[in-house]
Engineer: 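Got a structure for you, written out below as C-alpha cells; questions coming shortly.
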Amino acid sequence: MNDTKKAERKTRKFLEADYYQQPKEGYFLLPFRFHRLNGQKEILVNEVGDFLVVPTGTAERVILRKISPATDEVLYGDLIANFFISEEQIPPLLNVLSTRYRTKKSFLDYFTSLHIFVISLRCEHTCHYCQVSRASEDKNAFDMKRHHIDKGIELMMQSPNPNVTMEFQGGEALLAFDNIVYAVEKATQEAVRKNKHITYVICTNLAPLTDEMLNYCKEHDILISTSLDGPAFIHNKNRHRPQKNSYELVIQGIQRCRAVLGEDRVSALVTTSVLSLDYPQEIVDEYYTQGFRSIFLRPISPYGFATRNEKKNKYDTARFLEFYKKALARIIDYNLKGNFFREDYASIILKKVMTPFPVGYVDLQSPAGMINNVIVFNYDGKIYATDESRMLAEMNDFTFQLGHLEDSTYEEIFYGEKAQYLAEAWTNESLPGCSECAFQAYCGADPVMNYATQGDIFGYRPTSTFCQRNMEIIRYLIELMDSDKKIENIFRNWVTGRS
Ligand code: SF4
C-alpha cells in the first residue's frame with residue numbers, strides 16, 4: 001500500500017471518545033438529516049420529522065458550528081426549538097422529543113387492523129393490467145370455502161386491535177355475494193362476543209350490483225370502494241368488458257350507491273395505465289365532475305397480468321412523475337378557485353410532514369404495513385403478508401405466504417419464521433440508503449416491491465422505483481409549499497380535511 005492510501009485509511013479511523021464529546025465551542029449537534037431541495041434551498045429534518053427549509057449551505061454551517069445567536073438569531077432559535085442542536089449535552093426537553101417519537105409510531109400500538117378476504121377470484125371484466133390474474137366467471141372453484149371464511153374470522157378476532165376492517169376483494173367480490181353475506185353475518189356475531197368494532201368494505205367494479213345487494217350494504221353499514229380510471233375513452237380501454245360498457249356501469253353504480261348509502265359511503269381509485277399518462281387533466285376533471293372531492297393518483301403495480309402486457313402497462317418513473325405533477329397542478333387549480341379537492345397520496349405525505357400524528361397507510365410506513373397493519377386471506381386458503389404478495393403468488397412465487405387457513409395458528413402466521421425474516425427489511429430506519437435519507441420520516445419500506453422489482457427484500461435505493469417516486473414527490477410537495485403561501489394553506493386544508 002502506498003503512503004497516500006495509508007494516510008486515507010488513517011483518516012477513516014474512529015478517534016478517541018473525547019473527540020466526540022462536543023462541543024469544543026458553541027452547541028451540541030442532535031441527530032438530523034438534510035437534502036438539497038433545489039439550487040437555492042435545502043431541508044433539515046430531525047428524528048421525528050420536524051423540518052426547516054433553509055438556504056443551501058446551512059447544514060454545513062450548522063455542522064461546522066458556524067451558527068450563533070449573535071449572527072443568526074432566528075435560525076439559532078429554530079434549531080434549538082426543533083431539536084437540531086442543543087446547548088446542553090442532553091437537551092432539557094428530551095422527554096418531549098421521545099413523546100413525539102412514540103406518537104409518530106403509535107400506529108403500531110394495536111397491531112393488525114385490515115383483514116382482506118379474497119372472497120372469489122372470478123371476474124366478468126378482463127382488465128389488461130389486472131393484478132390478480134382473474135379466473136373466468138363460471139369457475140366456482142375460485143370462490144373462498146366457507147370453513148376458510150370461518151377460520152379467517154377467527155384469526156381476525158384474535159387481533160389485539162379493537163377496531164378491525166374486513167375488506168372483501170376479488171376478482172369481482174359481488175359475484176360471490178352469498179359468501180359476503182355469510183361472512184358479514186358470522187363476523188358481526190363474533191364481534192359482539194369479542195367486543196370488537198368492524199368496518200366492512202367491498203371492493204367492486206359495480207357492474208354486478210343489484211338493488212338487493214345495495215339494500216344489504218345499507219342495512220349493514222358497508223362501504224363501497226370502486227375503480228374509476230377517468231373518462232369513458234380511458235376507463236373502457238383499461239377495464240375491458242365484452243359489452244364495452246364498464247364506464248357506464250360504474251358511473252350508474254356510483255350514483256346508486258350515493259343515493260342509497262350516502263355521498264361519503266363510496267370511494268374510487270384510479271389505476272394509471274400507459275394510456276392514462278397522456279390525460280392527467282381529463283382524469284382529474286372526470287373525478288371532479290362526478291362529484292368526488294378527492295382523487296388517489298397511483299402508478300401501476302409491477303405484478304400479475306400487468307407485467308404481461310408491457311405496451312399498455314409499463315412506463316418509467318419519470319413519466320409517472322410528469323403525469324402526477326400535471327394532475328396535481330390541475331387539482332391545486334381547483335382549490336385556488338375556491339373548491340375543496342384533494343389528492344390523497346400527497347395528503348398522506350403532507351400529514352406526516354405537517355403534523356405530529358401517525359399515518360396508518362400501509363404502503364408508506366415504517367415498519368411496513370405488511371402484517372403490522374394488513375393481512376390477506378386468499379380464496380384458496382393461503383395467507384399472505386399483503387395484497388401485492390398474493391399477486392406474486394398468482395405468478396407462482398410464494399415468498400410472502402405466511403401460512404394456510406387450513407392449519408396455521410395465529411402465532412405461526414403473525415410471529416413465525418417468515419414474519420421474522422420479513423421484519424429484517426421492513427423498517428427504513430435500518431435500510432441502506434434510507435437510514436441517512438432526510439425523507440425517512442415521511443416515507444416507508446416496501447419489502448414486497450423491493451423483491452418484485454429488484455430481486456431481494458432489502459432492495460437497492462439508487463435504482464429503486466419506489467425510492468425515485470417517493471423522493472421526488474416528497475421533495476416537490478415541500479418545494480411547492482415553500483414557494484407559495486396559498487399552496488401551503490391548501491395543503492393544510494387537505495391535511496385537516498377543512499373545505
Ligand atoms: S425509499 Fe428513498 S425516499 Fe424513501 S426513505 Fe428510502 S431513500 Fe428516502
Side-chain angles (χ1 to χ4, degrees), residues 31-38 41-53 59 84 100-101 104-105 107-108 297-303 316-322 324-325 328 343-356 358-370 372-373 385-386 388 422-482 491:
F32 71 88
R33 301 171 184 84
F34 53 94
H35 185 94
R36 185 75 52 89
L37 285 179
N38 49 44
K41 299 275 183 82
E42 61 194 18
I43 184 171
L44 317 182
V45 187
N46 73 8
E47 280 292 282
V48 293
D50 298 336
F51 70 95
L52 293 173
V53 176
F84 289 93
R100 288 170 66 172
Y101 195 83
K104 279 269 178 198
K105 298 290 182 187
F107 60 86
L108 290 169
L297 299 168
R298 54 189 190 141
I300 229 157
S301 297
Y303 316 103
D316 59 28
T317 306
R319 272 205 81 192
F320 175 76
L321 288 169
E322 192 188 328
Y324 183 85
K325 288 178 186 177
L328 191 68
E343 201 285 299
D344 285 333
Y345 197 70
S347 303
I348 289 161
I349 291 168
L350 290 166
K351 187 171 177 193
K352 288 171 170 234
V353 172
M354 293 173 143
T355 80
V359 182
Y361 174 63
V362 297
D363 291 347
L364 209 57
Q365 67 186 54
S366 173
M370 50 163 37
N372 297 299
N373 277 112
T386 61
E388 289 76 16
L422 296 175
E424 288 178 18
W426 74 24
T427 48
N428 65 5
E429 284 87 347
S430 61
L431 285 177
C434 301
S435 63
E436 60 270 18
C437 174
F439 297 151
Q440 181 198 93
Y442 313 139
C443 193
D446 194 340
V448 182
M449 173 76 110
N450 291 341
Y451 175 85
T453 56
Q454 299 189 300
D456 75 74
I457 59 173
F458 297 93
Y460 177 61
R461 249 50 63 199
T463 54
S464 156
T465 51
F466 175 85
C467 178
Q468 283 160 8
R469 174 165 47 94
N470 286 327
M471 193 175 278
E472 179 52 15
I473 291 179
I474 296 167
R475 187 206 67 78
Y476 187 62
L477 291 172
I478 293 169
E479 185 180 55
L480 278 178
M481 192 160 77
D482 181 62
F491 286 176

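All ligand and atom numbering here is 1-based and tracks the order in the structure.
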Engineer: Ignoring water, what protein N, O or S atoms are under 2.8 Å from atom 8 (Fe) of ligand 1?
Structural biologist: C437 SG
Engineer: For the pair S435 (side chain) and P432 (backbone), establish whether a donor and an acceptor sit closer than 3.5 Å, ignoring hydrogens and angles.
Structural biologist: no
Engineer: Could you tell me whether the side chains of Y324 and E343 share a donor-acceptor contact shorter than 3.5 Å?
Structural biologist: yes
Engineer: Please identify each residue that fulfils side-chain hydrogen bond (donor to acceptor under 3.5 Å, both in side chains) with N46, with sequence neighbours left out.
Structural biologist: D50
Engineer: With distance as the sole criterion, is a donor-acceptor pair present between the side chains of S366 and E429 under 3.5 Å?
Structural biologist: yes
Engineer: Using 4.0 Å as the upper bound for N to carboxylate O, is an ion pair formed by E472 and K325?
Structural biologist: yes
Engineer: Quickly, which of V353, N470, L477, L364 forms a side-chain contact (heavy atoms from CB on, under 4.5 Å) with Y442? Name it, please.
Structural biologist: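 Of V353, N470, L477, L364, side-chain contact (heavy atoms from CB on, under 4.5 Å) with Y442 is met by V353 alone.
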